[in-house]
Amino acid sequence: MAFDEQEFQKTLTYLSDDAPETVLADLEAIRQFDQGQEEHLAREPGGCGWYLLVCFVCFIGAYVTAIIAAGTASSSLEALAVMLLLVSGAAFALMVWNIIRSVKFSRIPVFDLDNRRYELATGLVRLAGADMGADQPLAMQVDFREHTHEDHLQRRGKVGHWNAEFYVDQWLQLEGRLVDGTKFTIRLIEKQQERSRTKRGASGKLKTKEKTKISSEAIVSLKFKGKRYPRAAEQSATIEQYLKLPQWTTLKSVDASGSQLTLRSTTRASWTAGAAEPTEGDSTCDGVQWVAMMLLSLYAMLHASK
Amino acid sequence: MPKKEWQPDICNEKAGFLFSHACDRQPAANCGNCDKPICKKHTTRRRDGVTLLCTTCTKEAGAEDTGRGSSYYDDDPYYYGSHYYGDHYYDDRYDRRSSYSESRRNDPRDFTEADSESLVAEADGDFENDMSES
């Protein structure tokens with residue numbers, strides 16, 4: 001089913017169970033939608049208050065001067081009065097136009113999506129699609145809602161002197177079957193702590209400090225066909241030797257039980273995906289590379305299990 | 001070296017992201033080096049801007065010859081494995097032009113869509129993971 005922009009605006013969640021090519025087309029539509037939203041935001045009337053004030057002063061000033069000039073007997077001043085009336089009319093029209101523009105802008109809902117989400121999803125569909133049949137369905141869910149959305153709130157509590165709100169946002173889930181029969185699941189989770197603290201300063205004023213702590217977690221699971229990888233049980237004892245992850249990530253756990261492998265890793269680095277600019281100097285923390293290396297690590301073990 | 005006989009109506013490249021397997025797409029061109037019919041996804045343009053290469057020949061030609069430079073693996077699943085795990089990431093015999101042969105194209109170890117379809121009926125309700133957060 002083609003991407004429904006109106007439905008997407010209601011839920012800000014993308015759900016699909018289509019072939020990789022269709023999912024890629026949908027994600028491209030989401031990218032276009034987001035670019036349109038960003039352009040709309042860039043056109044936001046800036047400095048509106050000052051602009052209105054200047055228009056208002058021009059309008060009043062020109063109008064009053066025109067009335068005074070019109071009251072004199074001099075014909076040259078009458079001409080000036082007509083000109084000032086025109087200036088006054090133009091200032092008035094500008095003022096009205098600016099008010100209408102501001103009201104119109106405020107009525108249109110704007111959804112500025114996190115680019116990383118559709119860029120990472122696109123990268124992962126491209127990777128997985130390379131080892132899937134062209135018509136194999138890919139079940140995908142991408143949640144574009146803010147990670148501080150109330151649905152993601154887990155609990156409120158204390159961290160030291162800080163009041164903290166704990167959010168867990170599982171924003172991406174991707175499931176499919178590769179041509180070797182292996183079923184894969186990829187999940188991306190954003191964990192966020194919103195911390196705040198209020199205290200009275202020496203001057204008696206109340207001061208509030210706020211800070212945010214974010215970490216990301218990626219979980220990759222494979223359920224493989226035992227006949228294809230008969231030595232998997234033997235190799236799973238040494239699975240850690242096959243793991244290669246980006247330096248900016250930390251291995252959380254690796255589990256090999258039966259015909260299932262699950263690898264979890266986390267990072268506090270600010271990663272990017274797609275054509276985003278590097279965040280820390282020249283080093284880019286590429287989210288697609290992160291998940292790709294997790295998949296490659298698990299498959300390195302499977303290749304040794306043939 | 002004897003000229004290879006390629007199947008004309010299907011992409012003959014077997015490179016994948018995680019493992020090698022037959023490609024079921026229609027060919028869009030022939031490799032300028034080994035003449036293999038290749039689909040659009042398995043095609044790379046050489047630095048001269050004219051010659052098209054299959055994934056296997058691109059890997060052999062190396063990053064400089066194909067103008068991929070430091071972005072050798074960028075946005076292309078077929079180069080990730082060799083970039084992070086070396087050229088022998090998965091059964092490297094599949095990716096060496098010199099070892100291509102008729103028997104290779106019928107290698108019983110190749111994965112096909114039938115492999116995945118054969119598993120669709122398997123009960124795998126237990127595949128769900130524990131999503132409890134620590």
Side-chain angles (χ1 to χ4, degrees), chain A residues 122-124 126-136 154 166 168 170 173 175-185 187 189 191 217 219 221-225 227-228 242 244 246 252-253 255 258-260 262 264 266 274-275 286 288-289 292-293 295-300 302-303 306, chain B residues 10-11 13-26 39-42 55 70-71 73-86 88-92 94 108-134:
Chain A
T122 301
L124 297 185
R126 281 203 188 114
L127 290 180
D131 290 329
M132 290 177 69
D135 299 325
Q136 272 285 338
Q154 297 295 298
F166 298 84
V168 176
Q170 186 196 295
Q173 178 153 321
E175 281 184 18
R177 200 178 289 274
L178 306 176
V179 291
D180 68 342
T182 301
K183 185 178 176 185
F184 68 91
T185 303
R187 293 184 174 97
I189 299 168
K191 295 178 180 177
E217 180 172 345
I219 306 171
S221 296
L222 300 178
K223 187 182 182 187
F224 57 89
K225 192 175 181 181
K227 284 179 194 167
R228 290 283 180 197
Y242 299 103
K244 276 189 184 177
K252 188 173 180 185
S253 68
D255 178 50
S259 59
Q260 188 165 319
T262 302
R264 287 176 172 228
T266 61
D286 183 347
V288 179
Q289 179 204 343
M293 290 185 76
L295 283 161
L296 288 165
S297 294
L298 294 179
Y299 255 89
L302 290 180
H303 288 308
K306 284 180 181 170
Chain B
I10 197 157
C11 173
E13 180 56 71
K14 301 215 170 187
F17 162 48
L18 296 165
F19 48 85
S20 60
H21 55 88
C23 178
D24 55 5
R25 295 185 189 89
Q26 294 291 311
C39 68
K40 206 174 165 184
K41 292 210 166 192
H42 280 120
T55 307
S70 60
S71 61
Y73 57 91
D74 283 356
D75 297 329
D76 203 330
Y78 306 111
Y79 302 93
Y80 257 100
S82 52
H83 182 81
Y84 290 108
Y85 282 85
H88 309 299
Y89 170 64
Y90 54 73
D91 195 355
D92 64 317
Y94 283 179
R109 291 190 302 173
D110 278 358
F111 294 120
T112 67
E113 278 192 67
D115 290 315
S116 55
E117 284 164 8
S118 70
L119 293 178
V120 170
E122 285 184 5
D124 52 8
D126 59 337
F127 190 56
E128 292 308 313
N129 291 286
D130 175 19
M131 284 306 299
S132 59
E133 295 311 316
S134 54

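Residue numbering restarts at 1 for every chain, and letters A, B, ... go by the order of the sequence lines.
Here the CG atom belonging to A:Leu298 is positioned 9.5 Å from the CG atom belonging to B:Leu18, to the nearest 0.5 angstrom.
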* To do: Take A:Asp131 and B:His21 through the test side-chain hydrogen bond (donor to acceptor under 3.5 Å, both in side chains) and record every step on the way to the result.
  => CA-CA 8 Å; A:Asp131 290 329; B:His21 55 88; 2.8 Å; yes
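Contact of the A:Leu302 side chain with the B:Phe19 side chain is not registered, since no non-hydrogen atoms from C-beta on lie closer than 4.5 Å.
Taking the side-chain contact (heavy atoms from CB on, under 4.5 Å) definition, one finds that A:Thr122 meets it with A:Leu24, A:Leu27, A:Arg31, A:Arg126, sequence neighbours left out.
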